[in-house]
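The block underneath contains the structure these notes are about, expressed in structure tokens.
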Amino acid sequence: MFKQIELDYAKDALEPYIDALTVETHYGKHHVTYTNNFNAACEKAGITSDDAAAVLADLDSVADEATRTALRNNGGGYYNHNLYFANFSANPKKAPEGKLAEKINEKFGSLEKLIEELSSLAATQFGSGWAWLSVAPDGSLVTSKTGNQDNPISLKTGNTPIIALDVWEHAYYLKYKNVRPDYIKAFFEILDWGKVEALYEKAAG
Ligand code: MN
């Protein structure tokens with residue numbers, strides 16, 4: 001039985017960047033629905049694993065197409081939102097240090113350049129989807145964007161996501177309406193680089 005992560009901040013703690021009503025709706029409704037539907041699909045498929053990433057990496061083992069699609073969409077929605085909500089803080093660390101900072105400079109030249117690239121991927125994702133920063137098996141960093149609830153795991157890239165930027169309209173429409181780029185800027189104001197560092201260390205081993 002998969003459970004949503006607990007938020008370690010209050011629902012209004014991300015104001016003014018992400019408003020309380022959006023957190024209540026996004027975490028309290030959308031994420032709940034993905035979680036419930038993921039659990040239902042797992043039950044249907046006879047999956048008892050408690051590792052969502054492992055389920056998403058092994059979708060081909062599910063023979064029934066409708067169940068496989070339900071696992072991909074709702075398992076993705078479950079996993080992606082856990083990562084999305086876990087990376088925020090009311091008082092975020094504003095820049096990474098250590099190994100992650102080194103890897104960012106090595107690949108992108110600077111943190112600003114990485115943020116520019118992720119912002120551009122997020123802004124140009126046509127329709128619903130996500131922008132990602134992931135860790136490759138050799139510890140290097142990879143950016144990407146995906147549609148719907150697909151992610152680097154369900155797409156079998158072999159990479160582990162450490163930043164998930166949700167650009168579904170439900171993530172920003174209540175406050176930012178059609179102005180997705182303003183929401184993307186706000187995302188980076190509350191992204192906690194200390195949390196991303198910890199995810200990097202875990203993924204890179
Ligand atoms: Mn979402």
Side-chain angles (χ1 to χ4, degrees), residues 1-9 11 14 18 21-88 121-122 125-137 142-173 187 191-192 195-196 198-205:
M1 187 84 158
F2 290 99
K3 282 191 178 161
Q4 276 179 286
I5 58 142
E6 301 279 337
L7 302 184
D8 61 6
Y9 45 85
K11 294 209 168 62
L14 308 180
I18 296 182
L21 182 60
T22 295
V23 175
E24 276 167 30
T25 312
H26 198 183
Y27 175 81
K29 306 280 185 201
H30 292 278
H31 195 188
V32 167
T33 301
Y34 289 121
T35 303
N36 291 343
N37 290 344
F38 183 37
N39 280 318
C42 283
E43 199 179 333
K44 200 163 177 200
I47 292 169
T48 53
S49 168
D50 61 358
D51 181 348
V55 174
L56 289 170
D58 193 30
L59 291 172
D60 290 344
S61 70
V62 180
D64 179 65
E65 194 185 339
T67 308
R68 192 166 63 243
T69 300
L71 288 168
R72 179 177 174 171
N73 291 339
N74 294 291
Y78 167 79
Y79 175 96
N80 299 348
H81 288 93
N82 269 359
L83 179 55
Y84 175 81
F85 285 114
N87 270 345
F88 293 133
L121 288 166
Q125 167 57 34
F126 184 75
S128 298
W130 296 76
W132 303 95
L133 181 68
S134 304
V135 185
V142 183
T143 57
S144 62
K145 61 181 174 180
T146 61
N148 302 315
Q149 295 296 354
D150 288 341
N151 66 34
I153 299 169
S154 60
L155 295 176
K156 299 180 176 299
T157 62
N159 303 332
T160 305
I162 58 173
I163 293 177
L165 203 181
D166 190 347
V167 293
W168 282 59
E169 284 184 345
H170 67 226
Y172 61 86
Y173 215 85
F187 173 90
L191 178 69
D192 189 325
K195 291 178 168 182
V196 182
L199 291 173
Y200 177 83
E201 296 298 332
K202 198 174 161 204

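Numbers here are sequence positions counted from 1.
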- Within a radius of less than 6.0 Å around CD of E43, do more than 12 heavy atoms belonging to other residues, nucleotides or ligands occur?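 12 or below, so no.
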- Just wondering, more than 12 heavy atoms not from K156 lying within 6.0 Å of its NZ?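 Counting other residues, nucleotides and ligands, NZ of K156 exceeds 12 neighbours.
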Nearest atoms (heavy-atom pairs only) where [X] meets [Y]:
X	Y	value
G76	N151	CA-ND2, 4.3 Å
L83	I162	CD1-O, 3.8 Å
S49	F2	O-CZ, 3.3 Å

- Item | Approximate separation, where rounding is to 0.5 Å, of Y27 OH and T35 OG1 |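 Atom-to-atom, Y27:OH and T35:OG1 are 8.5 Å apart.
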Pairwise side-chain contact, [X] with [Y], heavy-atom cut-off 4.5 Å (strictly under):
X	Y	value
P161	Y79	yes
L155	R72	yes
S144	L121	no

- Item | Test item: W130 side-chain N/O and D150 main-chain N/O as donor-acceptor pair under 3.5 Å |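 No, because the side chain of W130 does not come within donor-acceptor range (under 3.5 Å) of the backbone of D150.
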- Query: Relative to each other, are the rings of H81 and H170 parallel, tilted or perpendicular (30° and 60° limits)?
  - Reply: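 It falls in the tilted class, 30° to 60°.
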- Sort and list the pairs that fulfil ring-ring contact (aromatic ring centres under 6.0 Å, His included) and have at least one residue in residues 46-75, not counting sequence neighbours.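 Non-adjacent pairs meeting ring-ring contact (aromatic ring centres under 6.0 Å, His included): zero.
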Atom pairs and distances, side-chain donor-acceptor, residues 50-60, under 3.5 Å, sequence neighbours left out:
residue	atom	partner	partner atom	Å
D51	OD1	A53	N	3.1
D51	OD1	A54	N	3.2
D58	OD2	S61	OG	3.1

- Message: Testing the 3.5 Å rule here: is there a donor-acceptor pair between the side chains of N82 and Y78?
- Response: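 Yes, side-chain donor-acceptor contact under 3.5 Å.
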- Task: Might you work through the ring pair (Phe, Tyr, Trp, His ring centres under 6.0 Å) test for H31 and Y84, ending with a clear yes or no?
- Result: CA-CA 11 Å; H31 195 188; Y84 175 81; 9.1 Å; no
